[in-house]
Amino acid sequence: MNPQRTVREALQKRTDIFGLTWIRGPEGIVFEFEGGPDFFDPDCVFDSLPDEDAAELMTAFCDGLFLGWGVSRELSKLLAKRGNLIDKRGAALVMSRQERDDLFCLQLAFLGSNVKWEPLCIRYLDSLAEGQREGLFLACYRLNTTFIYWALVDKFTAWAMEDPNWRFRSEVDMLARFLELWERMPGYWLHKSLFDLLPR
């Protein structure tokens with residue numbers, strides 16, 4: 001499989017993606033585009049890939065393949081949905097002590113592929129700094145277990161208390177998506193005070 005060709009063909013099939021371009025940079029081809037599904041939407045650009053191609057693409061992503069940030073975000077969604085196809089490679093990644101760069105922080109979405117990663121999700125909530133939690137948030141969103149819910153409510157409350165300007169930071173958008181999710185969950189009520197953190 002040629003990852004670049006697979007990605008290009010998947011993007012070209014989408015009717016909600018426009019302005020698709022690709023350039024050859026120092027490290028290879030980089031894709032740029034507008035539109036596409038939202039980061040928290042269940043829909044993923046690569047949903048139609050057969051398991052074998054999806055596994056190869058996810059493995060390449062875990063090994064550091066970078067084809068642009070839009071593609072990387074969609075690949076992180078693929079990891080969250082179908083990471084079980086590369087369970088050993090994904091496990092080695094999330095259990096590693098590698099540098100927590102921007103790509104690794106998206107790769108952490110793999111944790112959403114199986115509820116067995118719930119404890120590690122909660123552990124990463126304690127250790128990752130702001131700006132490093134995007135993939136982790138996606139994993140938590142997909143798993144949405146009671147323990148993750150409790151941990152996130154505590155964390156969002158603590159982060160807001162530590163920083164009076166937290167409501168103006170990027171992660172407030174993530175909180176808004178979690179609140180939408182939790183409002184649909186019977187028995188989830190601890191989050192109600194967090195609505196006060198949203199910008200008015």
Side-chain angles (χ1 to χ4, degrees), residues 1-14 16-17 20 22-33 35-125 127-128 131-145 148 174 177:
M1 184 199 72
N2 182 306
Q4 290 82 1
R5 183 183 301 119
T6 299
V7 167
R8 185 185 70 240
E9 291 175 351
L11 293 172
Q12 288 175 328
K13 288 178 182 177
R14 301 284 303 200
D16 57 350
I17 284 178
L20 174 62
W22 53 90
I23 59 173
R24 184 171 296 277
E27 298 183 5
I29 292 176
V30 173
F31 294 91
E32 295 180 355
F33 59 89
D38 182 81
F39 188 59
F40 282 97
D41 285 350
D43 184 24
C44 172
V45 165
F46 304 111
D47 280 340
S48 63
L49 291 182
D51 284 351
E52 182 178 353
D53 288 350
E56 286 190 41
L57 196 55
M58 287 186 291
T59 298
F61 180 54
C62 289
D63 289 341
L65 176 70
F66 179 74
L67 298 175
W69 287 114
V71 172
S72 294
R73 295 179 98 229
E74 287 300 312
L75 287 174
S76 72
K77 292 168 64 176
L78 186 64
L79 274 177
K81 297 177 74 171
R82 298 166 70 183
N84 60 298
L85 295 173
I86 58 162
D87 193 61
K88 289 184 179 180
R89 178 65 187 93
L93 175 71
V94 298
M95 298 293 288
S96 70
R97 297 181 179 273
Q98 72 177 66
E99 180 183 355
R100 294 175 180 178
D101 57 16
D102 291 340
L103 198 61
F104 175 70
C105 294
L106 283 176
Q107 292 163 342
L108 282 178
F110 167 80
L111 296 171
S113 65
N114 194 306
V115 72
K116 71 181 180 181
W117 299 115
E118 174 196 71
L120 195 54
C121 282
I122 294 172
R123 208 179 315 160
Y124 270 120
L125 283 173
S127 62
L128 291 181
Q132 297 181 326
R133 297 186 278 249
E134 192 171 20
L136 177 60
F137 281 150
L138 181 60
C140 291
Y141 189 90
R142 282 191 55 81
L143 294 180
N144 193 34
T145 66
I148 286 176
M174 303 286 182
R177 294 304 299 267

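Each residue takes its place number in the sequence, starting with 1.
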Which value, rounded to the nearest 0.5 Å, describes the distance between [X] atom [atom1] and [Y] atom [atom2]?
X: Ser127; Y: Arg133; atom1: OG; atom2: CZ; value: 9.5 Å
X: Asp53; Y: Thr6; atom1: CG; atom2: OG1; value: 5.5 Å
X: Leu67; Y: Leu11; atom1: CG; atom2: CG; value: 9.5 Å
X: Phe137; Y: Arg177; atom1: CZ; atom2: CZ; value: 13.5 Å
X: Asp51; Y: Met58; atom1: CG; atom2: CE; value: 8.0 Å
X: Gln132; Y: Leu108; atom1: CD; atom2: CG; value: 9.0 Å

- Message: Within a 6.0 Å radius of atom CD on Gln12, are there more than 12 heavy atoms belonging to other residues, nucleotides or ligands?
- Response: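 Enclosed.
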Locate the shortest heavy-atom distance separating [X] from [Y]; write the atom from each residue and the value.
X: Arg24; Y: Ile29; result: NH2-CD1, 3.7 Å
X: Ile148; Y: Cys140; result: CG2-CB, 3.7 Å
X: Phe110; Y: Gly90; result: CE2-C, 3.4 Å
X: Gly112; Y: Ala139; result: N-CB, 3.3 Å
X: Ser76; Y: Leu106; result: CB-O, 3.2 Å

- Query: What do the steps show when you test Asp63 against Arg89 for side chain to side chain contact (heavy atoms under 4.5 Å, CB included), and what is the final call?
  - Reply: CA-CA 9 Å; Asp63 289 341; Arg89 178 65 187 93; 2.8 Å; yes
- Task: Could you walk me through whether Ile86 and Leu79 pass side chain to side chain contact (heavy atoms under 4.5 Å, CB included), step by step?
- Result: CA-CA 9 Å; Ile86 58 162; Leu79 274 177; 3.8 Å; yes
- side chain to side chain contact (heavy atoms under 4.5 Å, CB included) between Leu136 and Cys105, worked out: CA-CA 7 Å; Leu136 177 60; Cys105 294; over 6 Å; no
- Cationic N near anionic O, under 4.0 Å, Asp41 to Lys77: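 Salt bridge absent between Asp41 and Lys77.
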- Flag the pair Leu138 / Arg73 as yes when at least one side-chain heavy-atom distance between them is below 4.5 Å, and no otherwise.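 With C-beta onward as the side chain, the pair stays apart.
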- Is the closest side-chain heavy-atom distance between Leu57 and Val7 below 4.5 Å?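 SC-SC contact between Leu57 and Val7 confirmed.
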- Query: Which residue pairs satisfy the ring pair (Phe, Tyr, Trp, His ring centres under 6.0 Å) criterion with at least one member in residues 66-92, sequence neighbours excluded?
  - Reply: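 Of all non-adjacent pairs touching residues 66-92, those that pass ring pair (Phe, Tyr, Trp, His ring centres under 6.0 Å) are Phe66-Trp69.
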- Task: Give me the ring orientation class for Phe104 and Tyr124: parallel if the planes are under 30° apart, tilted from 30 to 60°, perpendicular past 60°.
- Result: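 Rings of Phe104 and Tyr124: perpendicular, over 60°.
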- Query: Hey, does the side chain of Arg142 reach the backbone of Ala80 with a donor-acceptor pair shorter than 3.5 angstrom?
  - Reply: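 Side chain of Arg142 to backbone of Ala80: a pair is present.
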- Item | Sidechain-backbone polar pair: Glu32 side chain, Gly68 backbone, donor-acceptor under 3.5 Å |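 No, Glu32 side chain to Gly68 backbone: no donor-acceptor pair under 3.5 Å.
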